[in-house]
Amino acid sequence: MVSFYDTRRRAVVPFEPLVEGRVSMYVCGPTVYDDPHVGHARTALTFDMMRRYLQWRGFEVTFVSNITDIDDNIINRASETGTTEPELAARYEQVYIDQMDRFGIARPDHRPHATEYVAEMLDFIGGLVDRGAAYSIKGKGVYFSVAAHHRYGDLIGRTPEELREGAGARVEVDVEKADPLDFALWKAAKPGEPMWDSPWGPGRPGWHIECVAMATDLLGETFDIHGGGDDLAFPHHQNEVAEAEGAELGFARHWIHGAMLNVNGEKMAKSLGNFTTLSDLLDAYEPQVLRLLMLQTHYRTVMELSDDALAGASGALDRLRAWHRRAVAAGLDPSAKHDAAAVARFTAAMDDDFGTPAGLAVVFDLVREANAALDAGDTDRAATAHSTVSDLTGALGLALASDDQAGDDALAAEVERLLAERGEARKNKDFASADRIRDDLAARGIVLEDTPAGTIWRKS
RNA sequence: GCGCCGGUGCCCGAGCGGACUAAGGGAGUGGCCUGCAAAGCCAUGAUUCACGGGUUCAAAUCCCGUCCGGCGCUCCA
């Protein structure tokens, strides 16, 4: 049975879907005002992994992830760069989508935009006002009344009193608000800002309300999983909970948060000068290397990103691919029946809070056994391991087939010709000629592997 | 300052009181295989899990304290 850590319940709990065999999940997407960085990639990968695993496990998954295309950051950035908010948001949304595609993150089933949901948000806010869970302040907007939500703070295990202390200590309290914890549902527009008409005057929606509107519209008033980065738990997700429960919606049955990522021992931040865009990283390392590295760390552990770590993952990926090449060269049956014991171990690891590190350990154990089996000439066992490895890596979104030989037919033809020549030389024990060919190819970035089934080549 | 989460071999990282004789990966070293390589296989590596106390028959795993790091309390994946 699938189980995972539920932030709100503070424990690993069994997953009992609302509808048998189905999973509805909503994951907070980015505010599109800048290039996505590696941290965005980690969160996206965390939920991509969960989605793929649940699908592999037989669930029909509906996955929604939004685009926040109106917010302070967008407004500020647009004015800084002399463009309009819609143009800026559209540009960075495209960059986000391109980079996530490049990283191999499956596209969501629905990708709603905040600006498409203003009418729904206004309805929602009106409902909260009618229920007495929200109030308006003339010229400022509409605020949610935290007093109306007795459990406020429960998502992160804090009481309203504790939160007020923190708020008072750190944030300038707006004296007009009834409670320092009250937060904006609707913000009155300042001159020159994008605005929509509302019963409370022209303005724009607050951040939290958009996710409530979009999630419930696309997934229903109650849905299975709401996810996001750890830094969103408070206040964003807590406020979503307050809003939804203020309107008496069931809302998310489970909350999942993915841990942050550090670069060279430090938080990644522009101010520290270690801000790594996903684009830059993917220029330097293959997407699969980054995916493997992230999967080798549990999603709730703060992970370290460094050149050493990346190099390590690169080596690990090479090992997986080398096995795959070898299996293909040996003509192993890719549809051989799976190793049930290994699949069971993998499933147990993953069912326990998406234990990808342990799941990968099963895969690597299998690869070692498979290599040994092939060394020993046991092709049946090797084929079983091969098909199992492919199945399990597939569940994790890792593609082992490399396109090392693709894209250049002329080169491929030439290499094949040289390999034939070298093969002839080796047969005649003319190793000097054979080695010269291999060295020449190596100088051109072509690596050879001699196997009983023939010589395999690939780009290094 | 308050709250939460961490500190495990050269590196990344699992581990959630008893098969820990601490998973898995990377790097290193020795051996096997190979004409030689590459790939692969085998072997080797923490008497120790930040530090100091404590609980327990039993602790990396629980409790207390100290030091260090991260996150949240403010836009944030």
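In what follows, chains are A, B, ... by sequence order, proteins preceding strands, each numbered from 1. These numbers come from the heavy atoms of this one structure, side chains and all, not from hydrogens, waters or symmetry mates.
Residue L396(A) contributes atom CG, which lies 17 Å from atom P of G24(B) at whole-angstrom precision. The nearest whole Å value for the distance from the CG atom in L295(A) to the P atom in G26(B) is 16 Å. R10(A) has its CZ atom 13 Å from the P atom of G3(B), to the nearest Å. Between the CD1 atom of I75(A) and the C1' atom of C75(B) there is a distance of 12 Å, rounded to whole Å. One interatomic measurement links the two molecules: CG of N262(A) to P of G6(B), which rounds to 15 Å at whole-angstrom precision. Here the C1' atom of nucleotide G3(B) and the CD atom of Q238(A) are 14 Å apart, to the nearest Å. Look at CG on D230(A): it is 13 Å from C1' on C73(B), rounded to the nearest Å. For the pair D154(A) CG and G72(B) P, the computed distance is 20 Å after rounding to whole Å.
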Counting only pairs under 3.5 Å, give me each side-chain donor-acceptor contact of residues 373-381 of chain A, with atom names and distances, residues two or more places apart or in other chains.
| from | atom 1 | to | atom 2 | distance (Å) |
| --- | --- | --- | --- | --- |
| D375(A) | OD1 | R326(A) | NH1 | 3.4 |
| D375(A) | OD1 | R326(A) | NH2 | 2.5 |
| D378(A) | OD1 | D380(A) | N | 3.4 |
| D378(A) | OD1 | R381(A) | N | 3.1 |

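When the nearest nucleotides of RNA chain B are assigned to L293(A) and S314(A) by heavy-atom distance, the more 5′-ward of the two goes with L293(A). For D308(A) and A361(A), each mapped to the nucleotide of RNA chain B holding its nearest heavy atom, the one lying further toward the 5' end belongs to D308(A).
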Notebook entry, point to check: In B/S/- notation, 5' to 3', how is nucleotides 30-42 of chain B contacted by protein heavy atoms closer than 4.0 Å?
Noted result: -----BBBBSSSS
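A gap of 43 Å separates the P atoms of A39(B) and G52(B), to the nearest Å. Taking atom P on both nucleotides, C5(B) is separated from U44(B) by 39 Å, rounded to a whole Å. Comparing G15(B) with G53(B), their C1' atoms are spaced 24 Å from each other, to the whole Å.
Qualifying ring-ring contact (aromatic ring centres under 6.0 Å, His included) partners for F144(A), counting only residues two or more places apart in sequence or in other chains: F183(A). Evaluation of the ring-ring contact (aromatic ring centres under 6.0 Å, His included) rule for H257(A) yields H237(A) as partners, not counting sequence neighbours. Here H298(A) pairs with nothing under the ring-ring contact (aromatic ring centres under 6.0 Å, His included) rule; sequence neighbours left out. With sequence neighbours left out, the side chain to side chain contact (heavy atoms under 4.5 Å, CB included) criterion links V447(A) to R458(A), S460(A). R368(A) meets the salt bridge (charged side-chain N to carboxylate O under 4.0 Å, His left out) test with D365(A); sequence neighbours excluded. Among residues two or more places apart in sequence or in another chain, the side chain to side chain donor-acceptor pair (under 3.5 Å) test is passed with E210(A) by N66(A), T68(A). Legend: residues meeting side chain to side chain donor-acceptor pair (under 3.5 Å) with W56(A), ordered by chain and number and at least two apart, are D391(A). Every residue two or more places apart in sequence or in another chain that forms a ring-ring contact (aromatic ring centres under 6.0 Å, His included) with H236(A) is listed here: W207(A), H208(A).
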Are any protein N/O atoms closer than 3.5 Å to N/O atoms in nucleotides 13-22 of chain B? If there are, list each pair with its distance.
| from | atom 1 | to | atom 2 | distance (Å) |
| --- | --- | --- | --- | --- |
| G13(B) | OP1 | E304(A) | N | 2.8 |
| G13(B) | O2' | Q296(A) | O | 3.2 |
| A14(B) | OP1 | H298(A) | N | 2.8 |
| A14(B) | OP1 | T301(A) | OG1 | 3.1 |

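In summary, of the residues considered (D439(A), D435(A), D450(A)), a salt bridge (charged side-chain N to carboxylate O under 4.0 Å, His left out) with R422(A) occurs for D450(A) alone.
The stretch residues 339-348 of chain A does not touch RNA chain B, since none of its heavy atoms comes less than 4.0 Å from the strand.
One donor-acceptor pair, N or O on each side, does fall under 3.5 Å between the base of A77(B) and the side chain of H37(A).
Across every strand in view, C20(B) sits unpaired, with no contact that passes the Watson-Crick or G-U test at under 3.5 angstrom. Pair assignment for C67(B) gives G7(B), based on Watson-Crick or G-U wobble hydrogen-bonding distances that are each under 3.5 Å. Here C32(B) sits opposite G40(B) as a Watson-Crick or G-U wobble pair (both hydrogen-bonding atom distances under 3.5 Å).
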